[in-house]
2 protein chains.
Amino acid sequence: MKRIADSTVRRLSVYLRFLEDSVTHGVRTISSQELARRGGTTSAQVRKDLSFFGSFGKRGLGYPAAELTASLRDILGLDREWRVIIIGAGKIGTALAQYHGFRQRGFDIIAVYDADARKIGSKWDGLVVRDIREVERDVPQELPDIAVLTVPSEEAQAVAERLVGAGIEGILNFAPVQLKLPAHITVRNVNMAMELEGLSYALTNRERSGEAQ
Amino acid sequence: MKRIADSTVRRLSVYLRFLEDSVTHGVRTISSQELARRGGTTSAQVRKDLSFFGSFGKRGLGYPAAELTASLRDILGLDREWRVIIIGAGKIGTALAQYHGFRQRGFDIIAVYDADARKIGSKWDGLVVRDIREVERDVPQELPDIAVLTVPSEEAQAVAERLVGAGIEGILNFAPVQLKLPAHITVRNVNMAMELEGLSYALTNRERSGEAQ
DNA sequence: TGTTGTGAAGAGGTTCACAGCG
DNA sequence: CGCTGTGAACCTCTTCACAACA
């Protein structure tokens, strides 16, 4: 199967979110145009995105909302539970640990780790903060799929390498550094400072910057 | 001047971060190759990115680190203070409000708003949570540049419209919805659920998904 | 008739390769 | 000689336009 663009996967997430909404509101069928309107894109783009994975629609009618929802869940790998550990019990780490939206979408936070002795042992929403030194022992036992990295930039690379050594293959990196890891490891970056700088650039140079989201 | 790609602006942020580091470590001169290595890209890409804005390097030598740092700050609009308000005093909102890294980079959080009476009036790191109803009065007076939206999805669109009506022109949106706003408003989205879903997709379909970050 | 699915065209971003210059 | 700056080639993603079909 063909390589799917990152941007396509991102849009599938958007479609899925809106589809779930539609289904709970009793919508039976939905057109590429409606999906496009809510997803901030074009109907041709929606059809192209979906066409990579099959034919889900009926010509003249649109897509059956419930079926398409299920298909997108499958495609995105959301038809299973993902075991997630959070590394770093700082501001963002604890906010994420307590955010119930993740569990709701199949991302089960099974542990939180930190290096700070003052934080280790404290309880966050039922989860006890563990010593980061235990991660090498825990990962092979508990087999988390994804690690969310919310440690200071200086430590991010070293901690990431430890996680990979312990068996983690997916990392959501909040540290503003580009991690260098083996090719088979999947990394996604979330960088709020960078987004603010993007806004700063756009607001500073409105003529030359696009308005696209 | 030509329209600059979003991806380019993002990379400039990465270069800047590494350059600042290098300068504090006494580095005088830096090559496109070194910038590429740390930015997870190629030297040609670095040179191309910079070339959109001018000629900053010396052939045979590389780029003067301090000068390039200053130039990038200018380009990104970081040679000034940006006034930021946070809308939504939930988990993420308060984590962001207390994160000092923003102020350090010129993003000054001047206020936090919420609709929940139990949260209004409480203090977060010196900032009193204000009633969202005051936003229409405050924005024209205090002239914030950027609003960080951390409200529930259902309310995001309505709140965003109120912010725009009050005069906000830049929004960092944490709600997992695509905001529909006038073209002159700049929006950036941060969507952690979407990033996790991207990881889920990549881990599920390793053959067909790239490893690119 | 209305909307999908899709080749083909177009636009935009990245990589190449080398001339230019310190 | 080494590294930048950049036009051209290349590639990938998006948009177009229309045949297919419920």
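Hydrogens, waters and symmetry mates play no part in the numbers below; they use all other heavy atoms, side chains included. Model, not experiment: these values are computed from the prediction. Per chain, numbering begins at 1; letters A, B, ... match sequence-line order.
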How many Å lie between [atom1] on [X] and [atom2] on [N], as a whole number?
X	N	atom1	atom2	value
Gln33(A)	dT4(C)	CD	C1'	12 Å
Phe56(B)	dT6(D)	CZ	P	11 Å
Leu12(A)	dC13(D)	CG	P	13 Å
Leu35(B)	dT4(D)	CG	C1'	12 Å
Ile30(A)	dT4(C)	CD1	P	10 Å
Phe52(B)	dG12(C)	CZ	P	12 Å
Asp49(A)	dT15(D)	CG	P	10 Å

Using a cut-off of strictly less than 4.0 Å, decide whether [X] has a side-chain nitrogen or oxygen near OP1 or OP2 of [N].
X	N	result
Ser32(A)	dT3(C)	no
Tyr63(B)	dG2(D)	no
Gln45(B)	dT15(C)	yes
Arg11(A)	dT14(D)	yes

Using distance alone, with no hydrogens and no angle criterion, decide if Glu20(B) and Thr69(B) have a side-chain donor and acceptor under 3.5 Å apart. no

5' precedence on DNA chain D between Ala5(A) and Ala44(A) (nearest-nucleotide basis): Ala5(A)

DNA chain D: 5'-proximal contact among Thr42(A) and Lys58(A) (nearest heavy atom): Thr42(A)

Has [X] got a side-chain atom pairing as donor or acceptor with [Y]'s backbone, closer than 3.5 angstrom?
X	Y	answer
Ser153(B)	Ala175(B)	no
Ser200(B)	Gly77(A)	yes
Arg11(A)	Asp49(A)	no

Minimum-distance nucleotide (side-chain atoms of Arg47(A) versus dA17(D), dC3(D), dC18(C)): dA17(D)

So which nucleotide from dT14(D), dG5(D), dT14(C) ends up closest to the side chain of Ser55(B)? dG5(D)

Would you mind telling me which of Leu127(B), Leu149(B), Leu163(B) makes a side-chain contact (heavy atoms from CB on, under 4.5 Å) with Ile85(B)? Leu163(B)

Select base, sugar-phosphate, or nothing to describe what Ser7(B) touches, counting heavy atoms under 4.0 Å on all strands. sugar-phosphate

So, does the side chain of Arg59(B) form a donor-acceptor pair with the base of dG20(C) at under 3.5 Å? yes

Looking at the base of dG7(C), is there any donor atom on it, or on the side chain of Lys48(A), that sits under 3.5 Å from an acceptor on the other one? yes

